[in-house]
Amino acid sequence: MSLEDDLFQQRLRRVHEIEALGFKPYGQRFDFSHTIPQILAAYTDKTAEQLADKPQVRIAARILTIRRMGKAGFMHLQQSGERLQVYVRKDAVSENEYKLYEMLDLGDIVGIDGYLFRTRTGELSVHAEKITFLSKILLNLPEKWHGLEDVEIRYRQRYLDLIANPESQKIFLTRAKIISSLRRQLESHGFIEVETPMMQPVYGGATARPFVTHHNTLDMDLYLRIAPELYLKRLIVGGMDRVYEINRNFRNEGISTQHNPEFTMLEFYQAYTDYHGMMDLSCELLRQAAVDATGSPIVEFQGETLDFSNIRRMTMREAVGDPSLRGHDLVHAFEQRIEPTLIQPTIIYEYPVEVSPLSKNNADDPSFVDRFEIYAAGMEIGNAYTELNDPNEQRRRFELQLKMKEAGDEEAHQMDEDYLRAMSYGMPPTGGEGIGIDRLTMILTNSKSIRDVILFPLLRLEGEIGIAAKLRSEESGVRSQESE
RNA sequence: GGGCGCGUAGCUCAACUGGCAGAGCAACUGACUCUUAAUCAGUAGGUUGUAGGUUCGAUUCCUACCGCGCUCACCA
């Protein structure tokens, strides 16, 4: 029998031992008085004397370490990636609770009633007076000071990563702060959050290959959206002058450290402004998001110092520095030579019309459009433009895209007649923008791979896991032992 | 999809040129009422990713496959 099976069976037996002591191995509601982060925030700077009145606390968390010394011992509990020590002495808890303490495993979840004090070495700790059992671990936790380093397991079993690596919790906490910062800022500018279809009969708003799915009752093929853009602009036509959406896009393309097939995009549209207005708003949004997420507009990313309080602006032609290049050649030169060098946050504006089917022409040179993208750390993190609101020009752009499609461009835009119809009712001059939340999170959490900022990145199927069989066989093993 | 690299105990890693698969942590037994990588004494734990091949002998060399990473292509 392998070690793991042995351990599994051993712990399953322990479930019965815990029951025999009068505890529930998979416990119930536990009304805690504080979270561990709350206790640390409130009492970290309190001296032993200031804790002399024995502040009473009731906490619930997972056991990360245990140090037993016969008739007393310590353990560290962890909650939301933060740790607090608990001191258990035989004469301070009931006899059964101490027996329970002696059979606890790393990874079990317990509730502790007790009071705060400082140990002889000065560590803030809970002096346990009551132990409640809340949940049993059956598997083995990763090793305690190296944590879990195997990236494949970190991505496949994110729950284990979150237990073993507190930094991982922090990344997703920061991600949440970024999103809530952007929401708060947009709300304060009068933007309304909306939700538009993820399943679309006609896909558009970006150049990408879509995922296809099928609705049975309607017997109709649908595309998972590659962008919400065309629906959001229908709302602008309808008089919702400031709208935004934070949601998933799906693109059926390559996977890399910067690409996941589903990714989160913020898109926002503001009537009666243009791309210069969007530039100013973007700079404000990004600076404040950096401050809200990290405490500063200046962040470290892979050895570089990025300053979001001072975003440079230059045209694509200026960035490339070759006035003879136009159209696709200009974009190609830019992507090849310039994009990877844009480490500091930079706005690149005025794009060729060929790569911008939904943007308004530049008034001085109609072969360019009033569009910009935001780059940082060599990645594109945002894309914005003055929206094309002339339905006949939009029709010509769609027809140009259809020709590109016929010529073999799999990512060229589809014709969207309802979008043209909406625009024919009159769309106000509008500025619109998309910001890639995953990439922004990478930069603000100093993460090298997009998989580090997506809780469950797409991976190939893993082999047989076998846990159901193990649970089943151990269960029958326990039963046969009991009947002996 | 192409190229390169990695896969050894639950975790983190060793194993020289092809020669008896090992350590720390975790686990188990025992001691210990302020430890914190607790300590001390002892015990157990392996289909070396999978399947073939070469060889007296393969963790090691070869082939294919599976998974992951990096990178190029593509893309945001």
Side-chain angles (χ1 to χ4, degrees), chain A residues 1-11 13-14 48 64-76 83-93 98 101 103 105-107 117-125 127 137-157 160-161 163-165 205-209 226-227 249-267 335-336 339 355 373-375 379-383 409-411 434-440 442 448-451 457 459-464:
Chain A
M1 181 186 295
S2 81
L3 171 68
E4 204 189 349
D5 288 343
D6 195 30
L7 183 128
F8 203 80
Q9 196 182 54
Q10 187 183 104
R11 291 193 174 172
R13 279 199 299 272
R14 199 159 281 175
L64 259 289
T65 66
I66 302 180
R67 293 172 295 283
R68 278 183 280 249
M69 294 163 298
K71 298 187 183 64
F74 292 89
M75 50 189 176
H76 272 106
R83 295 181 181 193
L84 179 63
Q85 184 169 262
V86 172
Y87 178 48
V88 182
R89 18 184 321 156
K90 194 169 185 175
D91 53 18
V93 297
Y98 201 78
Y101 172 69
M103 67 170 72
D105 288 305
L106 301 184
F117 75 111
R118 283 198 182 270
T119 61
R120 205 164 286 165
T121 55
E123 180 166 346
L124 182 67
S125 307
H127 192 119
I137 188 170
L138 298 177
L139 294 168
N140 219 335
L141 233 39
E143 193 227 24
K144 63 186 169 194
W145 67 81
H146 291 98
L148 179 65
E149 297 191 355
D150 184 319
V151 293
E152 186 175 347
I153 301 177
R154 289 188 48 222
Y155 298 150
R156 281 196 197 282
Q157 299 177 250
L160 200 50
D161 179 39
I163 294 168
N165 300 320
T207 52
R209 301 210 305 266
I226 59 173
N249 289 348
F250 306 86
R251 299 190 186 173
N252 203 342
E253 288 169 348
I255 295 178
S256 78
T257 49
Q258 294 171 33
H259 302 83
N260 195 61
E262 55 178 310
F263 62 102
T264 301
M265 184 86 126
L266 160 66
E267 287 205 10
E335 286 173 353
Q336 290 300 303
E339 181 176 334
V355 297
E373 292 193 351
I374 309 165
Y375 292 87
M379 292 187 292
E380 182 192 333
I381 58 172
N383 178 20
D409 184 347
E410 286 185 78
E411 297 175 349
I435 291 178
I437 296 296
D438 311 279
R439 288 183 177 178
L440 180 59
M442 285 169 68
K448 216 161 54 174
S449 169
I450 200 167
R451 292 177 212 103
L459 299 175
R460 285 190 166 81
L461 282 175
E462 67 178 316
E464 193 66 38

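As the structure is a prediction and not an experimental result, all values here were calculated from the model.
In this structure, the nucleotide among C11(B), A76(B), G69(B) sitting nearest to the side chain of E380(A) is A76(B). For I153(A), taking side-chain heavy atoms from C-beta onward, the closest of the listed nucleotides C11(B), A26(B), U12(B) is C11(B). Here the side chain of M69(A) is nearest to one of A76(B), A38(B), U12(B), namely A38(B). Each of U12(B), C68(B), U33(B) was ranked by its minimum atom distance to the side chain of A72(A); first place goes to U33(B).
In this structure, the side chain of Y98(A) engages the main chain of A72(A) through a donor-acceptor pair within 3.5 Å. At distances below 3.5 Å, not a single donor-acceptor pair connects side-chain atoms of Q157(A) with backbone N or O atoms of L160(A).
When the C1' atom is used for both A26(B) and C68(B), the distance is 25 Å, rounded to whole Å. The gap from the P atom of C62(B) to that of C28(B) amounts to 42 Å, rounded to the nearest Å. Between U17(B) and A76(B), the two C1' atoms lie 50 Å apart (nearest whole Å). Of the C1' atoms belonging to U60(B) and G7(B), the separation is 14 Å, rounded to the nearest Å. A14(B) and G49(B): their P atoms are spaced 14 Å apart (whole Å). Rounded to the nearest Å, the gap between the P atom of C16(B) and that of G52(B) is 26 Å. Remark: the separation of the C1' atoms in G22(B) and A9(B) is 10 Å, to the nearest Å. Look at the P atom in both G46(B) and U63(B): the space between them is 31 Å, to the nearest Å.
Taking atom CG on L160(A) and atom C1' on U12(B), their separation rounds to 14 Å, with Å as the unit. When rounded to the nearest whole Å, the span between CZ of F8(A) and P of C11(B) equals 15 Å. What separates CG of L461(A) from P of G67(B) is a distance of 8 Å, to the nearest Å. In this structure, M442(A) atom CE and A76(B) atom C1' are separated by 11 Å, rounded to whole Å. When rounded to the nearest whole Å, the span between CG of D105(A) and P of A26(B) equals 12 Å. Distance, E464(A) CD to G49(B) P: 19 Å, rounded to whole Å. Straight-line distance from the CD atom of E335(A) to the P atom of A76(B): 8 Å, rounded to whole Å. Following rounding to the nearest Å, R11(A) (CZ) and A27(B) (P) show an atom-to-atom distance of 7 Å.
For the pair T257(A)/K448(A), no side-chain contact is recorded, criterion being any heavy-atom separation below 4.5 Å from C-beta on. Using a 4.5 Å heavy-atom threshold, the side chains of F263(A) and R439(A) count as separate. Side-chain contact between T264(A) and D438(A) is present, with heavy atoms from C-beta onward closer than 4.5 Å. Residues P457(A) and I450(A) are not in side-chain contact: their nearest non-hydrogen atoms beyond the backbone lie 4.5 Å or more apart. Proximity of R67(A) to Q85(A): side-chain heavy atoms (C-beta onward) are separated by under 4.5 Å at one or more points.
Contacts of D438(A) with the nucleic acid, taken as non-hydrogen atoms under 4.0 Å apart, are absent. The residue E462(A) sits apart from the nucleic acid: no heavy atom pair falls under 4.0 Å. Nucleic acid contact class of E411(A) (heavy atoms, under 4.0 Å, all strands): sugar-phosphate only. Using a 4.0 Å heavy-atom cutoff across all strands shown, F117(A) reaches at least one base atom of the nucleic acid. Residue-level contact check: N252(A) touches neither bases nor backbone, having no heavy atom under 4.0 Å from any strand. When heavy atoms are screened at a 4.0 angstrom cut-off, T65(A) is found touching no nucleic acid atom at all. Within 4.0 Å of I381(A), counting heavy atoms only, lies no atom of the nucleic acid at all. Contacts of G147(A) with the nucleic acid, taken as non-hydrogen atoms under 4.0 Å apart, involve only primed sugar atoms and P, OP1 or OP2. Within 4.0 Å of T257(A), counting heavy atoms only, lie sugar-phosphate atoms of the nucleic acid but no base atom. Among the protein residues, L141(A) comes within range of no part of the nucleic acid, since none of its heavy atoms lies under 4.0 Å from any strand.
Between R68(A) and C32(B), a side-chain N or O to OP1/OP2 separation shorter than 4.0 Å is absent. An OP1 or OP2 oxygen of C70(B) is reached within less than 4.0 angstrom by no side-chain nitrogen or oxygen of S256(A). Close to C70(B), at under 4.0 Å from its OP1 or OP2, lies a side-chain N or O of R451(A). Put simply, K144(A) has a side-chain N or O that comes within less than 4.0 Å of OP1 or OP2 on A26(B). At C28(B), one or more side-chain N or O atoms of Q10(A) fall inside 4.0 Å of OP1 or OP2 (strictly under the cut-off). A close approach under 4.0 Å does occur between a side-chain nitrogen or oxygen of R67(A) and OP1 or OP2 of A38(B). Remark: R460(A) is in phosphate contact with C68(B), judged by side-chain N or O atoms under 4.0 Å from OP1 or OP2.
Remark on RNA chain B: of its neighbouring residues R14(A) and M379(A), the 5'-side contact belongs to R14(A), judged by nearest-heavy-atom nucleotide. Between R120(A) and H146(A), it is H146(A) whose nearest contact on RNA chain B lies nearer the 5' terminus.
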| task | Map every base of RNA chain B to its dot-bracket character, where paired means a Watson-Crick or G-U wobble contact with both distances under 3.5 Å and | marks a partner outside the strand. | result | (((((((..((((.....[..)))).(((((.......))))).....(((((..]....))))))))))))....
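Qualifying side-chain contact (heavy atoms from CB on, under 4.5 Å) partners for E253(A), counting only residues two or more places apart in sequence or in other chains: A208(A), R209(A), R251(A), E411(A). Judged as a salt bridge (Lys or Arg N to Asp or Glu O under 4.0 Å), and not counting sequence neighbours, the contacts of E373(A) are R371(A).
Nearest approach of N165(A) to L148(A), heavy atoms of both residues: ND2-O, 2.9 Å. Here the shortest heavy-atom pairing between L7(A) and L139(A) reads CD2-C, 4.2 Å.
The base of G69(B) is not paired with the side chain of E152(A) by any donor and acceptor separated by under 3.5 Å. Within 3.5 Å, no donor on the side chain of E123(A) pairs with an acceptor on the base of U35(B), nor the reverse.
Here F74(A) does not count as stacked on A38(B), because the ring centres are not under 5.5 angstrom apart with planes under 30°.
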